[in-house]
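Quick note on labels: first sequence line is chain A, next is B, and so on, each numbered from 1. Quantities reported herein were computed from a predicted structural model and do not represent experimental measurements.
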Protein chains: 2
Amino acid sequence: MGRGKIEIKRIQNTTTRQVTFSKRRSGLLKKTHELSILCDAQIGLIIFSSTGKMYQYCTEPFRYIYIYINTL
Amino acid sequence: MGRGKIEIKRIQNTTTRQVTFSKRRSGLLKKTHELSILCDAQIGLIIFSSTGKMYQYCTEPFRYIYIYINTL
DNA sequence: TAATCTATATATAACGA
DNA sequence: TTCGTTATATATAGATT
């Protein structure tokens, strides 16, 4: 989806990989949200970047699961 | 992304909602996989349809988490 | 770097069989 | 209902700023 077609394999160039991560992560979170709203689905999504940063999206029931796990 | 633009709100028609769920769920799983490969990210995704069916994608570390939770 | 830009690839809404 | 098909909307790769 861009000026060129890319193969689905680890991007070797660090800068390119980080830029792609930022763009695609944003797109994935958006589509996750849309699916949950459009189709009334319950979704939990957690992403860890290769540098260890965490990003997440979750609908209500998944929030309870996280709270449960954290209070074990 | 289609013949018409749609609003992001719960789809009222059951058939349309199920068709959309099937298509978008598939797209979301694909993009999740691509992000994990391209950017070497660890991702856990769980989707429950409104009828209770579960779908998931997870990279290795998340599989360990599931096993841990299931053996608690 | 970190934002924009934009040409192209991809996803998908509405149909049709 | 469950597949294709295809016109259109959207995401994004690479370039530019």
Side-chain angles (χ1 to χ4, degrees), chain A residues 1-70, chain B residues 1-70:
Chain A
M1 292 158 275
R3 296 273 173 104
K5 185 182 167 68
I6 59 163
E7 259 191 287
I8 303 304
K9 62 175 186 182
R10 185 174 187 280
I11 296 168
Q12 295 303 316
N13 183 279
T14 304
T15 304
T16 305
R17 190 170 64 247
Q18 286 174 348
V19 169
T20 296
F21 178 73
S22 173
K23 287 179 178 179
R24 282 181 172 253
R25 185 193 70 227
S26 164
L28 191 65
L29 289 169
K30 185 182 177 193
K31 282 193 170 289
T32 301
H33 174 68
E34 291 182 352
L35 180 62
S36 75
I37 298 295
L38 288 170
C39 305
D40 203 22
Q42 298 305 328
I43 309 182
L45 169 67
I46 312 182
I47 303 168
F48 283 96
S49 71
S50 54
T51 58
K53 281 188 186 169
M54 189 185 88
Y55 306 87
Q56 62 158 291
Y57 176 87
C58 60
T59 49
E60 198 69 16
F62 282 97
R63 287 198 275 279
Y64 289 121
I65 293 171
Y66 293 147
I67 291 166
Y68 171 72
I69 291 171
N70 284 325
Chain B
M1 291 161 277
R3 296 273 173 104
K5 184 181 168 67
I6 59 163
E7 258 191 287
I8 303 305
K9 63 175 187 182
R10 186 174 187 278
I11 295 168
Q12 295 303 315
N13 183 279
T14 305
T15 304
T16 305
R17 190 170 64 246
Q18 285 174 349
V19 169
T20 296
F21 178 73
S22 173
K23 288 180 176 178
R24 282 182 171 253
R25 183 191 73 226
S26 165
L28 191 65
L29 289 168
K30 185 182 177 194
K31 283 195 169 286
T32 301
H33 175 66
E34 291 182 352
L35 181 61
S36 75
I37 299 296
L38 289 170
C39 304
D40 202 22
Q42 299 305 329
I43 309 183
L45 170 67
I46 311 181
I47 303 168
F48 282 96
S49 72
S50 55
T51 58
K53 283 190 184 169
M54 188 187 88
Y55 305 87
Q56 61 158 291
Y57 177 87
C58 60
T59 48
E60 197 69 17
F62 283 97
R63 287 198 275 277
Y64 289 120
I65 292 171
Y66 294 147
I67 291 166
Y68 170 71
I69 291 171
N70 284 324

> Which letter, B, S or -, goes with each nucleotide of nucleotides 8-15 of chain C from 5' to 3', with contact meaning a protein heavy atom under 4.0 Å?
Replying inline: BBSBBBB-
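- With A:Cys39 as the fixed residue, the side chain to side chain contact (heavy atoms under 4.5 Å, CB included) test singles out one of A:Ile43, A:Ile37, A:Leu35: A:Leu35.
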>> Would B:Ser50 and B:Phe21 count as a side chain to side chain contact (heavy atoms under 4.5 Å, CB included) here? Give the steps.
In response: CA-CA 10 Å; B:Ser50 55; B:Phe21 178 73; over 6 Å; no
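- The aromatic rings of A:Phe62 and B:Phe48 sit tilted, their planes meeting at an angle between 30° and 60°.
- Remark: B:Gln18 is in phosphate contact with D:dT1, judged by side-chain N or O atoms under 4.0 Å from OP1 or OP2.
- One interatomic measurement links the two molecules: CG of A:Leu35 to P of D:dA11, which rounds to 14 Å at whole-angstrom precision.
- Between A:Val19 and A:Lys23, some side-chain heavy-atom pair lies under the 4.5 Å cut-off.
- Residues A:Ile6 and B:Leu38 are in side-chain contact: their nearest non-hydrogen atoms beyond the backbone lie under 4.5 Å apart.
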